[in-house]
Amino acid sequence: MVKAKSWVMTKYFDGFPKKSNFGLKVEELPEPKDGEVLLEAVFLSVDPYMRLFSKISMKEGDVMIGSQVAKVIQSKHPGFPVGSHVVSNSGWRTHTLSDGTGLTPILPEWPKDVSLSLALGAIGMPGLTAVYGIEEVLGLQKGETLLVNAAAGAVGSVVGQIAKIKGCKVVGSAGSDAKVVFLKELGFDEAFNYKTVGSLEEALRKASPEGYDCFFENVGGPSSFIVLQQMKNCGRIAVCGSISTYNDSEPQTGLYPYVIMIIKELKMEGFLITRWQHKHPETLRRLLAWVKEGKLQCREHVTKGFENMPAAFMGMMRGENIGKAVVAV
Ligand SMILES: NC(=O)C1=CN([C@@H]2O[C@H](COP(=O)(O)OP(=O)(O)OC[C@H]3O[C@@H](n4cnc5c(N)ncnc54)[C@H](OP(=O)(O)O)[C@@H]3O)[C@@H](O)[C@H]2O)C=CC1
Ligand SMILES: CCCCC/C=C\CC(=O)/C=C/C=C/C=C/[C@@H](O)CCCC(=O)O
């Protein structure tokens, strides 16, 4: 028997998530049966999609959705020995019984000196998203200029570094001066604090007077329309996220992008990481290689304690994180 804790969404979010939307549940889990394993969470991820997913597919009382790096602490499954680690979509739980479905073992070549938490970040879902957005959606080419917003976050910071590896000029926008310093350390050519620039239009023009070939969109909302006007003709836009709208109770109304898309002959494509599931193993190996070679730097914003999951999630939605936001149990 093990005492398992989980965080449930007690009440639908209305606007920005609040402490009162979450409740901590404790239950006893039985021993694993034949073919089952018992997992113990080591690191848990907090991600923007959780806010959006809660509107689309959750009901009150459901355990919060999410991924974690977990240790196998009991096993009656030959594929998952005790002591091994997996990435599991267990939700916000300390302990989970699993029959192995959907568990992804940590890559066997994972070096001892690389934190397993990166399997939730640069060598995990956000890193994969960055690669697919750049390679499959944008088809980014050497010498091109790319703009990424939420640039100091989990996805954005990997996007910028991969674009540099590919020989591009990279411009990033982020929400604090400390984030701008971080982006420069990562090798971004230009970076600015969108909260203090005054005019986004001028900041974009100053960073790249000749315009942008590619835009990796993480934020959405009215700023997107301003960016579209600074795209080069036949520019490409990968619509990865729209975090500025996730807490909206009513859909935003705004300027329609069609005329500018027609005049500039822009190509815009939304995508979900799940489209390229079949490529995950090979792509994770490439991301790990970049980390080992020192070409991909990984910063994390670590919150300690499972009891602080809601605070970590709300902090990330507020922009407190530099790099990937994770919780260490
Ligand atoms: N399509 C897909 O398959 C996937 C999409 N995504 C999307 O990628 C985006 C980034 O995710 P991820 O890297 O995990 O998160 P981040 O680590 O970037 O954290 C979220 C960041 O969003 C920024 N932000 C929050 N609110 C606003 C706002 N109102 N306006 C502008 N920026 C805001 C904050 O940075 P700042 O201080 O700079 O404002 C905050 O740090 C999200 O939109 C997410 O939904 C992520 C994974 C997969
Ligand atoms: C799956 C959520 C779909 C909502 C889309 C919202 C915005 C874009 C975005 O942020 C997408 C993220 C996709 C993440 C996918 C993660 C999967 O690898 C694991 C899902 C976690 C789980 O099943 O517990």
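In listed order, ligands and their atoms are each counted from 1.
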List for me each residue that meets ring-ring contact (aromatic ring centres under 6.0 Å, His included) alongside F22, sequence neighbours excluded, and say none if there are none.
F13, W92
Between D213 and K232, is the closest basic N to carboxylate O distance under 4.0 Å?
yes
Aromatic ring pairing Y256/Y258, orientation class (parallel under 30°, perpendicular over 60°, tilted between)
parallel
Could you identify the single nearest non-hydrogen protein atom to atom 19 (C) of ligand 2 and state the distance to 0.1 Å?
N89 OD1, 3.6 Å
Write out the residue and atom name of the closest protein heavy atom to atom 6 (C) of ligand 2, then the distance separating them to 0.1 Å.
L52 CD2, 3.1 Å
Where ligand 2 meets L272 - atom numbers and elements under 4.0 angstrom, heavy-atom basis
11 (C)
By side chain to side chain donor-acceptor pair (under 3.5 Å) - contacts of T101 (at least two apart):
D99
For atom 13 (C) of ligand 2, what's the nearest protein heavy atom and its distance?
I273 CG2, 4.0 Å
So, are R236 and E144 salt-bridged, with charged N and O less than 4.0 Å apart?
yes
Look at D47 together with K324 and state whether they make a salt bridge at an N to O cut-off of under 4.0 Å.
yes
How far is atom 9 (C) of ligand 2 from its nearest protein heavy atom, and which residue and atom is that?
Y49 CB, 3.7 Å
Can you confirm whether K264 is buried at NZ, in the sense that more than 12 heavy atoms of other residues, nucleotides or ligands lie under 6.0 Å from that atom?
yes
Within 4.0 Å of atom 11 (C) of ligand 2 (strictly less), any protein heavy atom?
yes
Check: every ligand 1 N/O to protein N/O pair under 3.5 Å:
from	atom 1	to	atom 2	distance (Å)
ligand 1	1 (N)	C240	O	2.9
ligand 1	1 (N)	F271	O	2.8
ligand 1	3 (O)	I273	N	2.8
ligand 1	8 (O)	N218	OD1	3.4
ligand 1	13 (O)	A154	N	3.3
ligand 1	13 (O)	V155	N	2.8
ligand 1	17 (O)	A154	N	2.8
ligand 1	17 (O)	N321	ND2	2.9
ligand 1	19 (O)	N321	ND2	3.4
ligand 1	32 (N)	Y194	OH	3.3
ligand 1	35 (O)	K179	NZ	3.3
ligand 1	37 (O)	G175	N	3.4
ligand 1	37 (O)	K179	NZ	2.6
ligand 1	38 (O)	G175	N	2.9
ligand 1	39 (O)	Y194	OH	2.5
ligand 1	41 (O)	K179	NZ	3.3
ligand 1	41 (O)	N321	OD1	2.7
ligand 1	43 (O)	N218	O	2.8
ligand 1	43 (O)	S242	N	3.4
ligand 1	43 (O)	Y246	OH	3.3
ligand 1	45 (O)	Y246	OH	2.7

D14 CG: over 12 foreign heavy atoms closer than 6.0 Å:
no
Atom indices of ligand 2 within 4.0 angstrom of Y246 heavy atoms, with elements
7 (C), 8 (C)
Using heavy atoms and a 4.0 Å limit, tell me yes or no: is G66 in contact with ligand 2?
yes
Answer yes or no: is there a side-chain heavy-atom contact under 4.5 Å between K25 and K5?
no
How far is atom 16 (C) of ligand 2 from the closest protein heavy atom, and which atom is that?
M125 CG, 3.9 Å
Is there a donor in the side chain of S208 and an acceptor in the side chain of E210, or the other way round, less than 3.5 Å apart?
yes
Report the nearest protein non-hydrogen atom to atom 1 (C) of ligand 2: residue, atom name, distance rounded to 0.1 Å.
F53 CD1, 4.0 Å
For E136, the side-chain contact (heavy atoms from CB on, under 4.5 Å) test, sequence neighbours excluded, returns Y132, W276, K279
